[in-house]
Amino acid sequence: MYAPVDPSQQCTAKSKQSGERCKRRVHPGASVCIIHGAGAPHVKKSARERLQALVDPAISTLNTVIITGVNQGDMGNAVRASLGVLDRCGFHPTQAVEMSGPDKGPIGIVQVDLSELSLEEKVAMVGLIEKLGIKPPKPGEER
Ligand SMILES: [Zn+2]
């Protein structure tokens with residue numbers, strides 16, 4: 001039913017019926033899975049506190065990996081750790097498409113009567129819409 005979980009990441013609760021240890025993964029920061037109480041307010045609070053306590057050591061570890069990697073020529077780990085830090089600090093590649101009108105001005109709303117467009121113009125318009133990542137609904141599909 002569940003993929004094998006690293007024992008350190010396995011829920012510590014035991015089944016009342018079989019006595020076997022739960023096979024689910026622990027909720028982040030908790031020692032039990034969501035079924036066995038990780039959603040309870042006091043468990044969530046403890047989990048948050050445990051995770052918060054790991055922030056400084058994690059930053060320190062990344063610092064060590066970056067400095068050691070650069071000094072010893074292990075650039076792969078240094079770059080991975082650096083990217084992790086940069087991503088978390090907001091220096092990641094943009095994931096949005098920025099659109100603007102002429103001369104970086106506001107985008108105007110254009111109404112086009114499709115019946116007045118030629119087939120070539122409609123094909124060009126579909127190409128532009130696809131280029132923007134907008135997928136038209138399939139016939140019979142709700143928006
Ligand atoms: Zn469990």
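Counting convention: from 1, in listed order, for ligands and their atoms alike.
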Counting only protein N/O/S, how many atoms fall short of 2.8 Å from the Zn ion (ligand 1)?
-> 4

Side-chain donor-acceptor contacts of residues 117-129 below 3.5 Å, not counting sequence neighbours, with atom names and distances?
from: Ser118; atom 1: OG; to: Glu121; atom 2: N; distance (Å): 3.1
from: Ser118; atom 1: OG; to: Glu121; atom 2: OE1; distance (Å): 3.4
from: Glu121; atom 1: OE1; to: Ser118; atom 2: N; distance (Å): 2.8

Under 3.5 Å, side chain of Thr12 to main-chain N/O of Ser31, donor-acceptor pair present?
-> yes

Looking only at atom types and distance, does a side-chain atom of Asp6 sit under 3.5 Å from a main-chain N or O of Ser8, one as donor and one as acceptor?
-> yes

For the side chain of Ser82 and the backbone of Ala78, is there at least one donor-acceptor N/O pair under 3.5 Å apart?
-> yes

Are the side chain of Arg21 and the backbone N or O of Gln10 linked by a donor-acceptor pair below 3.5 Å?
-> yes

Can you tell me if Gln9 uses its side chain to pair, donor with acceptor, with the backbone of Val26 under 3.5 Å?
-> no

